[in-house]
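This report concerns only the one structure given below.
Chain letters run A, B, ... following the sequence lines, proteins first, then strands; residues in each count from 1.
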Amino acid sequence: MAIGRRIPPILAGDTASDGQTDRKRDSRRASSAGAARRRSGRQNPGHPSGAPDLEHGTGAGSDRIFDPGRRGCFSRASMAGNRTIARYYLTFAGEIKDFMSNEQLAAMAAALRRIVTEGDAYGRSNEGADQKVIVEFVSSNPNGPITVAGGRSAAIGDVLASLLEATGHSVTREYYINDALSSEQMINFGKSVFYRYLEIQGSASPIEGDEPPDWLYEGDYVTAIAREIAASRGGEFEGADLDDPQTAYTFRALSQERMIARQKADLEALDVRFDNWYTESSLHDAGLVSAVVQNLTERGHTFEKDGALWLRSTAFGDDKDRVLVRANGVASYIAGDAAYHKDKFDRGFDKAVNVWSADHAGYVARTKAVVAALGYDPSRIDVLLYERVRIVKDGELIQPSLHGGGALELKSDVIDEIGADAARIFFLLRAPETALDIDLDRARKADGDNPVYAAQSAYARVLKTEPVASIDDTDFSLLTSESETSLIEKLSAFPGEVSLAARERAPHRLVQYVRDLAALVPSLDAGAEVSAARTVLLDATRIVFKNAFALLGVSAPERM
RNA sequence: GCGCCGGUAGCUCAGUGGAUAGAGCAUCAGUCUUCGGAACUGAGGGCCGGGGGUUCGAAUCCCUCCCGGCGCACCA
């Protein structure tokens, strides 16, 4: 919407450049005025003089006249106040001449000056006040490639981290490797690699019957690793016992490094890089897990039952008590997680943001409970849950195959198909709490239906103009068309959008913003007069695109 | 059964208690011409799942019901 600009029918033919636009403005103005009249007619009788004072509570006897623009309009972008003025003109004075106040022009000019002056820094702020935040995302067992769900986590976490950096937080990106010795998943994984190893070595399959055992990881990558081990170590392990835990440990140890390297490569293909890869096993090795169990016991928050040690997490808002140490003496996952989160705070982080898939929703309460039991404010943990991802190809959902290990892979199923830029944008196309279907065909199309193409080609269009050397003498009053004022309004909203997206942990807002911005660009081209003001506008648009792309971690190609 | 997340235009989805609830696609109309896809401009299309409540004001907050997804381990 334009900034308070309306053209009455009687003047439209005189001021606008072509008849078609006239009709558009004409009809808009008419409906606007009508709506405004309806609105005011409704409002005045509806709000007698006894309406409460908005600023000072209900103050009986206040005769303040209700002001519909009071909060929403005045508190918005820097130019917003003028919008209200324009609206009042419309509402009460009716037909107004092509209207743009000096204040509006000044605000537009100031907005453009600010963008061009701040350049790369435009959109950044220091709201975070150097608060130390750790963003933990993707985190999984090192027992397979990164899945598409992991990809969504990666995109959300990485861009959220960038948003937090842009708003002045000190940010660490961390991947938590769930590699504890006691992990059932990892034991089964080690066992699976050994199983495949025996097959490769030509030993008789250790399992009788045709049905694969339910603990078996069936992905091709398991066989691939087993093959590598067979190649480098030969028959060394052929005599090992499948059911001996030590065998699983050995093969897990042999596989783990390769799997982590694979995961790292998968994520780098998405341009996601972590500051830390933090292993769960290191917590156990350092004695931090037993220490935290002891800590909780000393605080009186544990009890014994059925041979296990329990945390009385119900005392801290959880719906059930949780086992910390199993009857077999092995620490539970939550014990490790308690140590991990304590360690985050011990490392000096003020806030811990965790990006988890929605099937971990039930885990939030117990994690906060554990942290509270340890004496920390649970609000220092912020969990961002994201819903499932599906992939559509040729109009149909891709089904995960057994040889893929039962899950779609980030690298081969998404990035290899559409590239890292499109993958990042599509992962962030929806709010995290919304289930997401990624249509690969749409991501490859070169048209407006593809948000990546739309954004990058809009960017390429505004690159065509050379930036001006000085903006001091620019006459911004030339920028009065609706397409121009809408664009300026959008550009000036960028810093607020960055800050909101960071605050609300809503990185997808940035993608929405870029889409909206891109939609405003094409209409600028037609009949554009070459003016300094116009050049500044294009340059400002270029800057905002570039900064938004940088936050999103997508490239800003100079030509499409 | 309990808990969490969704339900907004034909479709896929945005939307910070505040202006006439928006975008893309689809549909329809028009414009341009490089006759190749397209691009551009506009139009139509909404009881914001139902019902209560709070508020000057609710898609937004509260209660309740319905529908869908997910979770409810001495797995992680």
Side-chain angles (χ1 to χ4, degrees), chain A residues 1 4 18 20-21 23-24 27-28 31-36 38-39 42-43 46-48 50-54 58 64-76 80 83-84 86-87 90-91 139-141 143 176 178-180 182-188 280 305-310 319-320 322-334 336-337 357-365 383 385-388 429-437 439 442 446-451 454 496-497 499-501 503-504 506 508-509 511-513 515-516 518-519 522-523 525-526:
Chain A
M1 186 192 245
D18 64 278
Q20 190 192 335
T21 316
R23 282 196 299 279
K24 162 196 160 193
S27 69
R28 279 203 174 186
S31 64
S32 297
R38 280 195 302 279
R39 188 179 177 78
R42 211 168 47 225
Q43 270 165 3
H47 306 291
D53 183 319
L54 288 164
T58 50
R64 176 191 285 271
I65 295 169
F66 172 63
D67 177 352
R70 178 150 191 82
R71 248 189 242 161
C73 296
F74 278 105
S75 66
R76 290 207 176 182
R83 272 199 268 174
T84 305
R87 185 167 153 232
L90 236 178
T91 303
S139 300
S140 61
N141 300 112
N143 61 3
Y176 185 49
N178 300 150
D179 66 341
S182 55
S183 156
E184 276 183 30
Q185 281 89 337
M186 289 309 295
I187 288 169
N188 288 340
E280 185 182 355
K305 193 180 88 180
D306 304 332
L309 184 71
W310 296 67
D319 52 354
K320 286 177 189 169
R322 307 290 172 181
V323 169
L324 280 177
V325 182
R326 292 174 256 190
N328 64 6
V330 174
S332 69
Y333 179 79
I334 195 154
D337 217 31
S357 63
D359 53 5
H360 290 74
Y363 201 75
V364 176
V383 180
L385 297 168
Y386 61 91
E387 278 288 343
R388 60 111 242 265
L429 207 49
R430 307 282 176 245
E433 60 271 19
T434 305
L436 172 68
D437 288 346
D439 186 337
R442 185 182 167 202
D447 64 24
D449 189 26
N450 179 355
E497 198 58 45
S499 124
L500 185 69
R503 221 167 40 239
E504 301 286 318
H508 71 287
R509 293 192 66 116
V511 168
Q512 292 294 334
Y513 176 87
R515 293 182 73 185
D516 290 346
S523 60
D525 274 355

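Distance Asp179(A) CG to A76(B) C1': 12 Å, rounded to the nearest Å. Between the NE2 atom of His360(A) and the P atom of G71(B) there is a distance of 10 Å, rounded to whole Å. Between the CD1 atom of Ile187(A) and the C1' atom of C75(B) there is a distance of 11 Å, given to the nearest Å. In this structure, the CZ atom of Arg442(A) is 13 Å from the C1' atom of A26(B), given to the nearest Å. Spacing between atom CZ of Arg322(A) and atom C1' of C75(B) amounts to 13 Å, rounded to whole angstrom units. Remark: C1' of G22(B) and CD of Glu497(A) are 14 Å apart, rounded to the nearest angstrom. The CD atom of Gln185(A) sits 15 Å away from the P atom of A73(B) (whole-angstrom rounding). In this structure, Asp439(A) atom CG and C13(B) atom P are separated by 12 Å, rounded to whole Å.
For Val323(A), the side-chain atoms get nearest to C74(B) when compared with the rest of C5(B), C74(B), A76(B). The nucleotide whose nearest atom lies closest to any side-chain atom of Lys320(A) is, among C72(B), C4(B), C5(B), C72(B). For Leu385(A), the listed nucleotide lying nearest its side chain is C4(B); candidates were G71(B), C4(B), G24(B). Nearest to the side-chain atoms of Thr434(A) among the listed nucleotides A73(B), C13(B), G24(B) stands C13(B). Comparing A76(B), G71(B), C74(B) against the side chain of Ser182(A) picks out A76(B) as the nearest. Across C74(B), A14(B), U16(B), the shortest atom-to-atom separation from the side chain of Gln512(A) is found for A14(B). Listed nucleotides U16(B), C5(B), A76(B) differ in distance to Glu387(A); the shortest reach to its side chain belongs to C5(B). Across C5(B), U16(B), C13(B), the shortest atom-to-atom separation from the side chain of Glu433(A) is found for C5(B).
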query = Lys320(A) and Arg322(A): side chain to side chain contact (heavy atoms under 4.5 Å, CB included), yes or no, with the steps?
reply = CA-CA 6 Å; Lys320(A) 286 177 189 169; Arg322(A) 307 290 172 181; 3.9 Å; yes
query = How far apart are the C-alpha atoms of Ser182(A) and Arg326(A), what are their side-chain angles, what is the distance that settles it, and do they pass the side chain to side chain contact (heavy atoms under 4.5 Å, CB included) test?
reply = CA-CA 11 Å; Ser182(A) 55; Arg326(A) 292 174 256 190; 4.0 Å; yes
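Residues Glu504(A) and Arg509(A) are not paired through a salt bridge, judged by the lack of any N-O separation under 4.0 Å between the basic side chain and the carboxylate. Between Arg442(A) and Asp437(A) there is no salt bridge, since none of the side-chain N atoms of the basic residue sits less than 4.0 Å from a carboxylate O of the acidic one.
In this structure, Asp306(A) reaches the bases: a heavy-atom distance under 4.0 Å links it to at least one base atom across the strands shown. Counting non-hydrogen atoms under 4.0 angstrom, Glu504(A) reaches nothing in the nucleic acid. Among the heavy atoms of the strands, none lies under 4.0 Å from Asp319(A). Looking at heavy-atom distances under 4.0 Å, Ala435(A) makes contact with sugar-phosphate atoms alone, never a base. Contact annotation for Asp516(A): no contact, since no heavy-atom pair falls under 4.0 Å across all strands. Using a 4.0 Å heavy-atom cutoff across all strands shown, His508(A) reaches sugar-phosphate atoms only and no base atom. Within the nucleic acid shown, Glu184(A) comes within 4.0 Å of sugar-phosphate atoms alone, with no base atom in reach, counting heavy atoms only. Counting non-hydrogen atoms under 4.0 angstrom, Ala431(A) reaches the backbone sugars and phosphates but no base.
The gap from the P atom of U8(B) to that of G3(B) amounts to 24 Å, rounded to the nearest Å. Across the C1' atoms, G15(B) and A9(B) are found 14 Å apart, a figure rounded to whole Å.
In plain terms, the two heavy atoms of Tyr363(A) and Asp337(A) that are nearest each other are CE2-OD2, 3.3 Å. The two residues Asn141(A) and Ser183(A) make their nearest non-hydrogen contact at ND2-OG, 4.0 Å.
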query = So what is the 5' to 3' dot-bracket string for RNA chain B, if pairs are Watson-Crick or G-U wobble with both distances under 3.5 Å, crossing pairs use [ ] and | means the partner sits on another strand?
reply = (((((((..((((....[...)))).(((((.......))))).....(((((..]....))))))))))))....
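In this structure a side-chain-to-backbone donor-acceptor pair under 3.5 Å is present from Asp179(A) to Glu280(A).
Position along RNA chain B of the nearest nucleotide to Asp449(A) versus Leu429(A) favours Leu429(A) as the more 5'-ward residue.
At the phosphate of A76(B), OP1 or OP2 sits under 4.0 Å from a side-chain N or O atom of Arg326(A). Phosphate contact (OP1/OP2 of U16(B), side-chain N/O of Arg509(A), threshold under 4.0 Å): present.
Atom CD of Glu433(A) sits about 9.0 Å away from atom CG of Leu385(A), to the nearest 0.5 Å.
Taking syn as a glycosidic angle within 90° of 0, G68(B) does not qualify and is anti.
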